[in-house]
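Written out below as structure tokens is the structure these notes cover.
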Number of protein chains: 4
Amino acid sequence: MKRIGIIVKSESPDAQALLKELAPWLRARGKEPMLDPPTAALAGETASYPKKDIATLADMLVVLGGDGTMLAAARLVEGRPIPILGVNAGGLGFLTAVTRDEAFTALEHVFSRAFAEEERLMLRSRVVRRGEEVIAASALNDAVVGKGASHMVQLEISINGQFVTRLRGDGLIVSTPTGSTAYSMAAGGPILNPSVHALILTPICPHTLTNRPIVIPQDVLVEVVLVSRDQGATATFDGQVGIALQPGDRVEIRASENKTRLIRFPDRSYYDMLSKKLKWGES
Amino acid sequence: MKRIGIIVKSESPDAQALLKELAPWLRARGKEPMLDPPTAALAGETASYPKKDIATLADMLVVLGGDGTMLAAARLVEGRPIPILGVNAGGLGFLTAVTRDEAFTALEHVFSRAFAEEERLMLRSRVVRRGEEVIAASALNDAVVGKGASHMVQLEISINGQFVTRLRGDGLIVSTPTGSTAYSMAAGGPILNPSVHALILTPICPHTLTNRPIVIPQDVLVEVVLVSRDQGATATFDGQVGIALQPGDRVEIRASENKTRLIRFPDRSYYDMLSKKLKWGES
Amino acid sequence: MKRIGIIVKSESPDAQALLKELAPWLRARGKEPMLDPPTAALAGETASYPKKDIATLADMLVVLGGDGTMLAAARLVEGRPIPILGVNAGGLGFLTAVTRDEAFTALEHVFSRAFAEEERLMLRSRVVRRGEEVIAASALNDAVVGKGASHMVQLEISINGQFVTRLRGDGLIVSTPTGSTAYSMAAGGPILNPSVHALILTPICPHTLTNRPIVIPQDVLVEVVLVSRDQGATATFDGQVGIALQPGDRVEIRASENKTRLIRFPDRSYYDMLSKKLKWGES
Amino acid sequence: MKRIGIIVKSESPDAQALLKELAPWLRARGKEPMLDPPTAALAGETASYPKKDIATLADMLVVLGGDGTMLAAARLVEGRPIPILGVNAGGLGFLTAVTRDEAFTALEHVFSRAFAEEERLMLRSRVVRRGEEVIAASALNDAVVGKGASHMVQLEISINGQFVTRLRGDGLIVSTPTGSTAYSMAAGGPILNPSVHALILTPICPHTLTNRPIVIPQDVLVEVVLVSRDQGATATFDGQVGIALQPGDRVEIRASENKTRLIRFPDRSYYDMLSKKLKWGES
């Protein structure tokens, strides 16, 4: 582990402050911090790397920010099995493993190989329009077909070529276990432990009240066809990459061959994290 | 009751078929059917009226269509206390009082004054941008501040000038009792009997799970300020009239002085209608 | 305001500690604290009063405890329009107005008439078995017909003599606005501002997913008949008073003529309280 | 497949009628119908078998009834991998494969080996009181720790020895995928496709609104300790077998080694069945 890619939530003063300490600290330990040009500027570093070099050459990523920054980092290095350490500038995140105060200790543990890697399922999606692929994208949390600027959408959902239902409402979330505590939860979906090999189909404000979230096996092809004819619907991936849909467009979603590898430490369990983030402990 | 405005869901073949019978049937009874030009064309009628004349001169409205057509009709005649008879071209609606088969009998009852009028609360809303009103609109169902094409919205909600909460998610529905079985229900809101003098604030996919629907008194001013800075959010009224919002825009919503007057017949109660539409009776 | 009834959650050490200070403090101000025998024993007071004398003679009540203690106090003085000051031994409650630290200042405000009274709707219920009333009870939060020890219940619900639906599931909650943040909320019901004149019918785990909470006008008679034939179902009032039901029993619930009068101070609004109790403010 | 155990929902006239045809029909095909004494009496058959002989000797089961009858049948033959054909006396069930009209054709397909078997996960649970097992039970749908006749329960939940949360409310459902469309769904749980290897923990009316359903891997030990001190709580298995709990009791739930084997025919898919039972297809 020599080359350490650093991804930063640039709007966060806390993340910026940590960044300035981190680059020299890494260099003092014989590591090579890899920062893209805007990050290097923030850090006051002279050397920088094109983002795609970080994606292809880094031995690990350190992410300073929140869960949104983690999602972007996961997609950046998709396909290369390198570990990602999330440092939450603010409190505790679902994806970030440690707080700002724990960052340097955590990195020392990483360099001495005292850490676990948790594999997280990713989605691989593509949008097909009149037989042609118009976009392909990966996601760690979810792929969403939503009404966007239109009034509502009508979607036809199939699993492995088998018709499931026609859904009318604000849209459909296809979520990984990782995404189950994000948008899917806000739409009424269950929590999925990341070690369950499954996806969730969570309808968004469905007109038919019995259209409930469904947990399905991971190794299937989900197809969502936009059958309503209004303009404005969108497909978005992790809420960060998106495309305007046209009537008739088909969104294909399946589990990716690639996994995100999150660095974890044994003293903080999945259920501890849920309990803290969801405030179960408080009266 | 001499002048009978007719509003039609023009895409519905059933509504069109009924329309063709209805105009001569009314004339044969000494009534004056008022149709706007496109409706007259559909009906094969030669005489037609500008829509605003129907709005200002009709003694009652007959609506052939579904609940969406009813919403548009209610807004059309807002401020004039004339009764509206909804004839559902398809099955039974929440707002339409009778089915297609019952239409002529129902009209005979109406002309012999054997009917009840049910008053329904309407909303009056306006959007204020940097101190200036940019749109004002009425609604029978709901006023919605939604994310539209943006990723999410952050809203600041006040009631009678008192801060309630900051909401992050897909948006907020301010619904009348009439709207409680429409979009608000899809978002998890309760059913409100139309004789309860109250509004519902229903959050849409809120990030904070304890942001539950709140039922508040009818005679308040609800203010919703868009505090998030992304472009794409919208305010929509009955899902039919809308405007793109800018960060900082304030949407003011209050009960209108005007009511919609729905024609009702005693043999079909509110709870019967709920039971049918929500399929409570079936095992 | 001379006679001050004191009701205490006897299991709470905090409430006990406050109680010991409160009785002498009141006497020093020329007031007559009224404690029932067990409370007097806890306080180290020699004088005590039968509970029914407190109910009939006190000019106000001070409640030291939580919302459960408030419910019991409200039922105790039902029918006599005396104000109740709730002092929360722990944090902040939905019904208690002040914290322990604020108790004496609050009482001084009360004695100098610097307070508001908020009227809260109560329910009056009775259970009728083969034409005979077998129990009558009041409630500030809710009347619940639940499965108790049986497997499930089947209930027939009417409003003002009009059939609404047959409900299968764990039961039905008929809640006041005050009760809307208690059991009804846990079962999926909306929040009702206490100034809305309405009740909520909230089904508990209904088998039919479209059986959603319904908000109905306050001035109606709700009748719930237990039609399933298993033994074990119960009717409970505020979760504190109850009776085992027999098949065919009818529970009648309506708004009471009596209101509970809660002492309130202007610096703490209803929405502040919701926000604190439901942790809306936290990220 | 010689010995055909027949299990009947004895209260159902439709099931009884079918039963009377079925026994002779089977015998005419060289099969040996196995009926317990009350069933034999219903069928007008002279020969009968003790129920435990049916459990140990039958080559397959035919169940005439609804999903409840299926649950009992599944537990009866637990541990013996024989197929079960469910014939729904009424409409279509989640567990029953065919309707009454299809019964004989279905059996002919079964005898000619033209059918599929679908394995369904079962739970194996036990209740431990002061170190001693007081009951052990299997379930195809769910194990439920509920408040029963008490006011509420407080439960401490662990997974594989790791503390998850303390839950206050009406109880907890531990459901298989099969049970996901039963009580768990009424309590707000998601649908789980039976081919997902997972369990659902669904809280029943939790006081903490963020206590959402969690989907966890199948191969874990779930422990639920009753920490509240009121009498009245219960543990029930498939809603059919139960025990009164005492404070401190620990309920242990894990996946059973045994599976239920449901007979399925290729023309009726899982999603078709969901769609019909949940009325997705209707407007």
Side-chain angles (χ1 to χ4, degrees), chain A residues 154 156-168 175 177 180-181 184-203 206-220 266 268-283, chain D residues 154 156-168 175 177 180-181 184-203 206-220 266 268-283:
Chain A
Q154 196 166 158
E156 213 166 84
I157 303 170
S158 308
I159 296 178
N160 282 346
Q162 185 169 37
F163 175 73
V164 175
T165 194
R166 196 172 263 237
L167 175 72
R168 291 182 307 139
S175 171
S180 71
T181 47
S184 173
M185 172 173 276
I191 299 167
L192 245 79
N193 185 304
S195 51
V196 175
H197 298 291
L199 306 177
I200 321 170
L201 307 190
T202 304
H207 292 199
T208 299
L209 298 180
T210 57
N211 278 143
R212 294 283 287 264
I214 311 183
V215 179
I216 60 170
Q218 176 186 302
D219 52 345
V220 298
R268 187 165 290 156
S269 83
Y270 173 70
Y271 297 111
D272 287 348
M273 181 274 295
L274 278 185
S275 190
K276 281 216 184 70
K277 291 286 292 180
L278 298 176
K279 295 172 201 148
W280 288 344
E282 303 168 28
S283 66
Chain D
Q154 197 167 156
E156 212 165 86
I157 303 169
S158 306
I159 295 177
N160 283 345
Q162 184 168 37
F163 175 74
V164 174
T165 194
R166 195 173 264 237
L167 175 72
R168 290 181 308 139
S175 171
S180 71
T181 48
S184 173
M185 172 174 275
I191 299 166
L192 244 78
N193 185 305
S195 52
V196 175
H197 299 290
L199 306 177
I200 322 171
L201 306 189
T202 304
H207 292 198
T208 298
L209 297 179
T210 56
N211 278 143
R212 294 283 287 265
I214 312 184
V215 179
I216 60 172
Q218 176 185 304
D219 53 346
V220 298
R268 187 164 290 154
S269 84
Y270 173 72
Y271 296 111
D272 287 348
M273 181 273 297
L274 278 185
S275 191
K276 281 215 184 72
K277 291 286 291 181
L278 299 176
K279 296 169 199 149
W280 287 346
E282 304 166 29
S283 67

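Chain naming here is simple, since letters A, B, ... match the order of the sequence lines and numbering starts at 1 in each.
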(request) Go through the atoms of D/Tyr270 and report whether side chain, backbone, both or neither lie under 4.5 Å from a heavy atom of chain A. (result)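 D/Tyr270 has no heavy atom closer than 4.5 Å to chain A.
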(request) Search all heavy atoms of A/Val215 against all heavy atoms of D/Val215 and return the closest pair with its distance. (result)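 A/Val215 and D/Val215 have their closest heavy atoms at CG2-CG2, 4.3 Å.
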(request) Of all the heavy-atom pairs spanning D/Phe163 and A/Tyr271, show the shortest one and how long it is. (result)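 Result for this residue pair: O-CB, 4.1 Å.
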(message) Using the side-chain contact (heavy atoms from CB on, under 4.5 Å) criterion, which residues pair with A/Ser275? Sequence neighbours excluded.
(response)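 Residues passing side-chain contact (heavy atoms from CB on, under 4.5 Å) with A/Ser275: A/Trp280.
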(request) For chain D, find which of A/Ser269, A/Pro177, A/Pro194, A/Pro217 contributes the most heavy-atom pairs closer than 4.5 angstrom. (result)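 Most heavy-atom pairs within the cutoff with chain D belong to A/Pro217.
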(message) At a heavy-atom distance under 4.5 Å, which candidate from A/His207, A/Arg166, A/Gln162 has the highest pair count against chain D?
(response)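 Going by pairs under 4.5 Å, I would pick A/Gln162.
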(request) Drop me the distance from D/Met185's CE to A/Thr210's OG1, to the nearest 0.5 angstrom. (result)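 OG1 of A/Thr210 is found 8.0 Å from CE of D/Met185.
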(request) Heavy-atom pairs under 4.5 Å with chain A are the metric here; pick the option from D/Leu209, D/Val164, D/Leu278, D/Leu274 that has the most. (result)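 Heavy-atom pairs under 4.5 Å are most numerous for D/Val164.
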(request) State whether the side chain of D/Arg212 and the backbone N or O of A/Gly189 hold a donor-acceptor pair below 3.5 Å, judged by distance alone. (result)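 Yes; judged by distance alone, with no hydrogens or angles, the pair exists.
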(request) Could you look at A/Leu167 and say if it's the side chain, the backbone, both or neither that has a heavy atom under 4.5 Å from chain D? (result)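 Neither part, no heavy atoms under 4.5 Å.
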Identify each donor-acceptor pair in which a side-chain atom of residues 195-202 of chain D lies under 3.5 Å from a protein atom, sequence neighbours left out, and give them as a table.
residue  : atom : partner  : partner atom : Å
D/Ser195 : OG   : D/Asn193 : OD1          : 2.7
D/His197 : ND1  : D/Gln218 : OE1          : 3.2
D/Thr202 : OG1  : D/Ser184 : OG           : 2.8

